[in-house]
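Have a look at the structure below, then the notes.
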Amino acid sequence: MAREGGGAAMAPAAAVVRYGIVGVGMMGREHLHNLAHLAGEVEWEQSVRVCVTCLADPHPESLLLGLRLAAELGLPPPQTFSDHRELLDSGLCDAVVVSSPNMTHSEILMDIIGYAKPHHVLVEKPLCTTVQDCEKVIEAAKQRPDILVQVGLEYRYMPPVAKLIDTVKSGTLGQVRMVAIREHRFPFLVKVNNWNRFNCNSGGTLVEKCCHFFDLIRLFADANPVRVMASGAIDVNHKDEVYHGKVPDIIDNAYVIIEFDNGCRGMLDLCMFAEGSRNEQEISVVGDTGKGEAFVPESIMRVGKRAGGRDGVVTIKAEDERINFQFNFPPSV
């Protein structure tokens, strides 16, 4: 379409994707921050504009913090709801980010997937806290080809891990035989009503935190698991905490070994009382011709070939020019 007066052709109007966020605790506000940056992009994907139109959370303080953050980010005030069903009924959004506590995912996802009006979904990990609920949600999603349901396993997209994934897929390391991931970090943060202190709510530490790493191990192995062995314990964290007369039952350290149907083996080494670590995650993938490693948050990757030995190991600073900001939330709700 030409402007009046013979000016240059006008670009077609960008489509608007309206987002709603269900669960506005720490992770929900991080998603709000990320969406605000996308909304600020003049031509994100050249043809799409993003806006956050509504928030839902039964916890009034979380809604207040969400509204306060939206104002700080210069966003128009989102409509707020105390229940996700009210958000769906409002008709205000096209896509929903589910960042509510783990034990609520199944019910919320089934309501979204079963809603007459289609809503695309990004759900925080884990998908659900039980295998049965995961299967139920997956089967329901298969019946809705008009929507996309994605689990937020963001470790795949961190620059050093993404570069390691590309290296493995390129065949540089040969046939992958061993995958080892070490996560040595701080204890779980405090969440609303301390829901993450109990297995019945979170699915347990190996589900709540470590689904990221089991996802990566399976991705690198490019195979299906056939045997799992594990040992874990509650040795240091949360032992002196009591909530409604109950002591937290989540483990704070573990070793897990997984054997795959192609002969590859994977291992997770988890410690949740290791603040004195240079990196929180050290990821090693060894093939029959080489080895690759990724380090987070140092954001470097190392790769070497057997033929080149130690002197041939190359260290690469992993960066993604598309990531132009970083935001870290304090340890709070």
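Numbers here are sequence positions counted from 1. Note that the structure is a prediction, hence the values are computed from the model and not measured.
When all heavy atoms of Ala230 and Val256 are compared, the closest pair comes out as CB-CG2, 3.9 Å. The shortest heavy-atom contact between Arg156 and Ile165 is O-CD1, 3.7 Å. In terms of heavy-atom proximity, Phe188 sits nearest to Arg197 at O-NH1, 3.6 Å. The heavy-atom pair separating Asn199 from Gly204 by the smallest distance is OD1-CA, 3.1 Å.
The pair Lys163-Asp166 does not count as a salt bridge, with every side-chain nitrogen at least 4.0 angstrom from each carboxylate oxygen. The pair Asp94-Arg18 meets the salt-bridge criterion, since a charged nitrogen lies less than 4.0 angstrom from a carboxylate oxygen. A salt bridge does not link Glu282 with Arg302: every distance from a Lys NZ or Arg NE/NH1/NH2 to an Asp or Glu carboxylate oxygen is 4.0 Å or more. Contact check on Arg185 versus Glu275 returns no salt bridge, with no Lys/Arg side-chain nitrogen under 4.0 Å from an Asp/Glu carboxylate oxygen. Salt bridge annotation for Glu154-Lys125: absent, with no cationic side-chain nitrogen under 4.0 angstrom from a carboxylate oxygen.
Checked by atom type and distance alone, the side chain of Thr80 never pairs as donor or acceptor with a backbone atom of Leu55 at under 3.5 Å. Panel note: side chain His184, backbone Arg182; no donor-acceptor pair is recorded below 3.5 Å. In this structure a side-chain-to-backbone donor-acceptor pair under 3.5 Å is present from Thr130 to Asp133.
For the residue pair Asn279/Glu298, the side-chain donor-acceptor check at 3.5 Å is satisfied.
With a 6.0 Å radius and a threshold of 12 heavy atoms from other residues, nucleotides or ligands, Lys291 has its NZ atom at or below the threshold. Heavy-atom neighbours of Met178 CE from other residues, nucleotides or ligands within 6.0 Å: at or below the threshold of 12.
Here the options are Val179, Asp215, Leu173, the test is side-chain contact (heavy atoms from CB on, under 4.5 Å), and the partner is Phe220; only Val179 passes.
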